[in-house]
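Predicted model, so just to flag it, every value in this text is computed and none were measured. Worth knowing before you read on, the calculation uses all heavy atoms, side chains too, and leaves out hydrogens, waters and symmetry mates.
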Amino acid sequence: MSPSLLTVGLDPALVDDAPSSRAAFPEMDAETVRVGVAAERARMEGLGFTVDLCLLDYGRTAEAVYRAALSGKDYDIVVIGAGIRLDPALTPLFEILVDATRELAPGARLCFNVSPSTTVEAVQRGWPERKPLG
């Protein structure tokens, strides 16, 4: 059975119009995010993972959408994207996502990418076992 992965991030369609995302990631636009996410998904699938994508808004429905995704399947790994974690305006959302993961997927390994094109590296750091740094 292949390991299951849930990648959670902001809906790329919203990135261009969000002042906080534009300030936190001036080099990112919706197309860059879409391309990076699709490429990393293909790479993960090529490595034998089953990959689901959970796209969120800036908070209005984000928690409910995320909880539904976690409730629908047992995940081995959850990757919370940098667009949520590194935008100071989204720190409350990040906290909600971590708490929901601990509640609904306590056995899942949490991994964190630094851009849409670094998901594979994030997963490789934490799967199947956390590797020592240095």
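Interatomic distance, Leu70 CG to Leu6 CG, rounded to the nearest 0.5 Å: 6.0 Å. How far CG of Leu10 is from OH of Tyr58: 4.5 Å, rounded to the nearest 0.5 Å. Atom OG1 of residue Thr101 and atom CZ of residue Arg67 lie 9.0 Å apart, to the nearest 0.5 angstrom. Once rounded to the nearest 0.5 Å, the distance linking OG1 of Thr118 with CD of Glu40 reads 7.0 Å. One distance of note links CZ of Phe49 with CZ of Arg41; it measures 14.0 Å at 0.5 Å rounding.
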Quiz item: How far apart are the C-alpha atoms of Glu121 and Arg125, what are their side-chain angles, what is the distance that settles it, and do they pass the salt bridge (charged side-chain N to carboxylate O under 4.0 Å, His left out) test?
Solution: CA-CA 6 Å; Glu121 289 79 6; Arg125 285 192 306 269; over 6 Å; no
Quiz prompt | Step-by-step side-chain contact (heavy atoms from CB on, under 4.5 Å) determination, Val8 to Leu56 | solution = CA-CA 7 Å; Val8 58; Leu56 304 178; 3.5 Å; yes
Practice problem: Give the intermediate values and the outcome of side-chain contact (heavy atoms from CB on, under 4.5 Å) for residues Asp29 and Val15. | Solution: CA-CA 6 Å; Asp29 62 15; Val15 171; 5.9 Å; no
Quiz item: Does the side-chain contact (heavy atoms from CB on, under 4.5 Å) test come out yes or no for Ser115 and Met28, once each step is laid out?
Solution: CA-CA 9 Å; Ser115 73; Met28 290 286 170; 4.1 Å; yes
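Annotation: side-chain hydrogen bond (donor to acceptor under 3.5 Å, both in side chains) contacts of Thr50 (sequence neighbours excluded): none. For Glu27, there are no side-chain hydrogen bond (donor to acceptor under 3.5 Å, both in side chains) partners at least two apart in sequence or on another chain. The side chain to side chain contact (heavy atoms under 4.5 Å, CB included) check on Ala13 picks up Asp11, Arg34, with sequence neighbours excluded. For Ser4, the side-chain hydrogen bond (donor to acceptor under 3.5 Å, both in side chains) partners are Asp76, not counting sequence neighbours. Under the side chain to side chain contact (heavy atoms under 4.5 Å, CB included) criterion, Arg102 pairs with Val98, Asp99, sequence neighbours left out.
When all heavy atoms are compared, the tightest approach of Ala122 to Phe112 is CB-O, 3.4 Å. Of all heavy-atom pairs spanning Ala30 and Pro12, the tightest one is CB-O, 3.1 Å.
Between Arg109 and Val78 the shortest side-chain heavy-atom distance does not fall below 4.5 Å.
Dense packing is recorded around CG of Asp16, with more than 12 heavy atoms of other residues, nucleotides or ligands lying under 6.0 Å away.
Put simply, Phe25 and Leu14 are part of two different groups of oily side chains (I, L, V, M, F, W, Y) that touch within less than 4.5 Å, one to the next. If you chain together hydrophobic residues whose side chains sit under 4.5 Å apart, Val37 and Val120 never meet in one group. Cluster membership check: Val33 shares its hydrophobic cluster with Leu53, using side-chain heavy-atom separations under 4.5 Å among Ile, Leu, Val, Met, Phe, Trp and Tyr. Linking Ile, Leu, Val, Met, Phe, Trp and Tyr residues whenever their side-chain heavy atoms come within less than 4.5 Å places Leu5 and Trp127 in a single cluster. Transitive grouping of hydrophobic side chains (ILVMFWY, heavy atoms separated by less than 4.5 Å) brings Phe94 and Tyr75 into a common cluster.
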Side-chain donor-acceptor pairs under 3.5 Å in residues 81-91, sequence neighbours left out?
residue, atom, partner, partner atom, Å
Arg85, NH1, Ile80, O, 2.7
Arg85, NH1, Gly81, O, 3.4
Arg85, NH1, Asn113, O, 2.9
Arg85, NH2, Asn113, O, 2.7
Asp87, OD1, Ala89, N, 3.0
Asp87, OD2, Ser20, OG, 2.8
Asp87, OD2, Ser21, N, 3.3
Thr91, OG1, Pro88, O, 3.2

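The side-chain contact (heavy atoms from CB on, under 4.5 Å) with Val123 is formed by just one residue from the set Leu47, Thr7, Ile77; it is Ile77.
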